[in-house]
2 protein chains.
Amino acid sequence: MQTATAIRTRLPAAAIPATAPALSQGGTRRILAKGAELFAEGDASTFFFRVVSGTVRTVKLLADGRRQIDAFHVAGDMFGLDRGASYRLTAEAVEPATVIAYRRSDFASLMQRDSAVMETLMAATLANLDRAHEHMVLLGRKTAMERMASFLLDLASRLSCPDQVCLPMQRHDIADHLGLTIETVSRTLSQMIQAKLIRLADGGRTICLLNKDALQLLAA
Amino acid sequence: MQTATAIRTRLPAAAIPATAPALSQGGTRRILAKGAELFAEGDASTFFFRVVSGTVRTVKLLADGRRQIDAFHVAGDMFGLDRGASYRLTAEAVEPATVIAYRRSDFASLMQRDSAVMETLMAATLANLDRAHEHMVLLGRKTAMERMASFLLDLASRLSCPDQVCLPMQRHDIADHLGLTIETVSRTLSQMIQAKLIRLADGGRTICLLNKDALQLLAA
DNA sequence: CGCTCATTTGAAAGGCCTCAAAGCTGGTGG
DNA sequence: CCACCAGCTTTGAGGCCTTTCAAATGAGCG
């Protein structure tokens, strides 16, 4: 593993710190290689997951190949809790990642005795729903520049790197998350550089936020 | 109340029929006038709601007035269950509506004894999350025509009117839901009429789906 | 019946996409 | 250790879909 990845994964910001311990008993650890698929849309949903390190993307595909990445999940995030008996989206590792898999059936009985478990899952699901709401505003109503600014600030806060974002994903993933093309993503970043809002490092994989206040204004 | 509204609200399609009865004990009924605000983003979230009849929209606003309607809630749907102590979006009646308000604090203790209640809320939340995922694909990756087709088919299925959609909302709401402008919504509908996919009735408030198969293909 | 608001339609502009090619990066093998 | 290769990223030019601005038409209501 090269240095860049080590840096990217060194800060596991616990997204659900207060309630997550309720799940500490069960679950099995899984190591994922870059690009590995955890589950696909339509698969029987026997597990749900929590990210320990690395990044996982959840994806929806249209018949003609168009892709929408609904979220990037980082350390502490939960995903794979879907309605019904099968997954509604596909999950893949964006970079080498470690997750903990919880068997759904194990919790059916556990939840009846321990409401704390259920509340943990509820909190995680509500967190995902909240992010989805925010992302719908971005996709439906923001310009390319606003989307990019929102994305960078969001990622910076979630990775708890105050002024620096080590992007675990490539431009194509960013584009499919923000509802843009890779060219527009690249052009938008170039404009931000020109405006001295950001600076690229590590061959374009790391973005230094030079002016967070201005980015915040841009994020609309 | 005019006839159109009566028709629109006469079919309460139970979205969560199996589990909803668990909530039948509590809650107080509220009658909402058209446009009435149930709660606003940032308000303390003391209640969550279930639609009995009519339609409620949940909305997010940007500082400059741009609006994104994340969902239209019809009979049987639940909304207002947000992360944290305050609502993350605003809820307003699209048309005259009846909802049942459940006090959040009443359920904190109830859930510990009755896991069925918690499961009902979880199922409702997962349903909302699922819709959000589907809508993100629409907003991020579909064309105006595809968005409109998807919207009409979705509404038709949820209102359980096989081949007819009685729109409770006006063009402006549709536009803010689909990430378009009212002009584009209108033009897209006109194109669909020309292609004999739909037919307008009731002064543009009712849409007859003349060719659902073709619409399904268009929805992508 | 007239007023107001919603919807439709038109024309022009703009932002993002598509197509295309050059520039970089990182990994591999000589 | 360095050159080469494949894939990712950036940049350029042109086109298209949606938006913006504007005005006409239609519907609901006092």
Side-chain angles (χ1 to χ4, degrees), chain A residues 1-5 8 33-35 64-68 94-96 138-149 166-194 198-207 218 220, chain B residues 1-5 8 33-35 64-68 94-96 138-149 166-194 198-207 218 220:
Chain A
M1 201 63 40
Q2 74 281 22
T3 315
T5 302
R8 279 202 294 279
K34 178 177 172 177
D64 61 2
R66 278 175 289 176
R67 190 175 72 144
Q68 177 65 40
V94 172
E95 59 177 337
L138 181 149
L139 292 173
R141 285 297 175 228
K142 292 189 182 181
T143 65
M145 187 64 79
E146 291 167 344
R147 292 179 199 203
M148 205 65 220
C166 303
L167 299 173
M169 73 293 287
Q170 54 190 47
R171 301 290 185 265
H172 193 74
D173 283 331
I174 299 176
D176 284 348
H177 183 50
L178 301 183
L180 303 168
T181 59
I182 51 172
E183 293 94 332
T184 299
V185 167
S186 182
R187 268 186 263 269
T188 306
L189 287 175
S190 296
Q191 284 179 263
M192 285 183 170
I193 293 169
Q194 267 196 315
I198 61 171
R199 185 168 59 77
L200 294 194
D202 187 22
R205 303 287 288 195
T206 297
I207 297 183
L218 264 184
Chain B
M1 201 68 38
Q2 74 277 23
T3 316
T5 301
R8 281 201 293 280
K34 177 177 173 178
D64 61 2
R66 279 176 288 177
R67 190 175 71 145
Q68 177 65 40
V94 172
E95 57 178 338
L138 182 148
L139 293 173
R141 286 296 176 229
K142 292 189 181 180
T143 66
M145 187 63 80
E146 290 168 344
R147 292 180 199 204
M148 203 67 221
C166 303
L167 298 173
M169 74 293 286
Q170 53 190 49
R171 301 290 184 267
H172 193 75
D173 283 332
I174 299 176
D176 284 348
H177 182 49
L178 301 183
L180 302 169
T181 60
I182 52 173
E183 293 94 333
T184 299
V185 167
S186 181
R187 268 185 264 270
T188 305
L189 286 175
S190 295
Q191 284 179 263
M192 285 183 170
I193 293 168
Q194 266 197 314
I198 62 170
R199 185 169 57 77
L200 294 193
D202 187 22
R205 303 288 287 196
T206 298
I207 297 184
L218 264 183

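The chains referred to below are lettered A, B, ... by the order of the sequence lines, with proteins before strands, and numbering in each begins at 1.
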State which of [options] makes the closest approach to the side chain of [X].
{"X": "A/Glu183", "options": "C/dA20, C/dA11, D/dT18", "value": "C/dA20"}
{"X": "B/Ile182", "options": "C/dT7, C/dC16, D/dT19", "value": "C/dT7"}
{"X": "A/Ser186", "options": "C/dT7, D/dT11, D/dT20", "value": "D/dT11"}

Categorize [X] for me: base, sugar-phosphate, or nothing, with a 4.0 angstrom heavy-atom threshold over every strand shown.
{"X": "B/Leu178", "answer": "nothing"}
{"X": "A/Leu200", "answer": "sugar-phosphate"}
{"X": "A/Leu189", "answer": "nothing"}

Under 4.0 Å from OP1 or OP2 of [N]: is there any side-chain N or O of [X] that close?
{"X": "B/Thr184", "N": "D/dT19", "answer": "yes"}
{"X": "A/Arg205", "N": "D/dT9", "answer": "yes"}
{"X": "A/Ser190", "N": "D/dT11", "answer": "yes"}

Using atom [atom1] of [X] as one end and atom [atom2] of [N] as the other, report the distance to the nearest whole Å.
{"X": "A/Met145", "N": "C/dG15", "atom1": "CE", "atom2": "C1'", "value": "12 Å"}
{"X": "B/Ile207", "N": "C/dT7", "atom1": "CD1", "atom2": "P", "value": "11 Å"}
{"X": "A/Asp173", "N": "D/dC8", "atom1": "CG", "atom2": "P", "value": "10 Å"}
{"X": "B/Lys142", "N": "C/dC17", "atom1": "NZ", "atom2": "P", "value": "18 Å"}
{"X": "B/Ile193", "N": "C/dT7", "atom1": "CD1", "atom2": "C1'", "value": "11 Å"}
{"X": "B/Gln191", "N": "C/dG10", "atom1": "CD", "atom2": "P", "value": "12 Å"}
{"X": "A/Gln170", "N": "D/dG7", "atom1": "CD", "atom2": "P", "value": "12 Å"}
{"X": "A/Leu180", "N": "C/dT18", "atom1": "CG", "atom2": "C1'", "value": "14 Å"}

Keeping the roles fixed (side chain from [X], backbone from [Y]), state whether a donor-acceptor pair exists under 3.5 Å.
{"X": "B/Arg141", "Y": "A/Arg67", "result": "yes"}
{"X": "A/Ser190", "Y": "A/Ser186", "result": "yes"}
{"X": "B/Asp173", "Y": "B/Ala175", "result": "no"}
{"X": "A/Arg147", "Y": "A/Leu178", "result": "yes"}
{"X": "A/Glu146", "Y": "A/Leu138", "result": "no"}

> For DNA chain C, whose closest nucleotide is more 5', that of A/Gly203 or that of A/Gly179?
Replying inline: A/Gly179

>> Quiz question: going by heavy-atom distance under 3.5 Å, is there a donor-acceptor pair between the base of D/dT19 and the side chain of A/Arg141?
In response: no

>> With a 3.5 Å cut-off and heavy atoms only, can you find an N or O donor on one side and an acceptor on the other between the side chain of A/Arg171 and the base of D/dT11?
In response: no

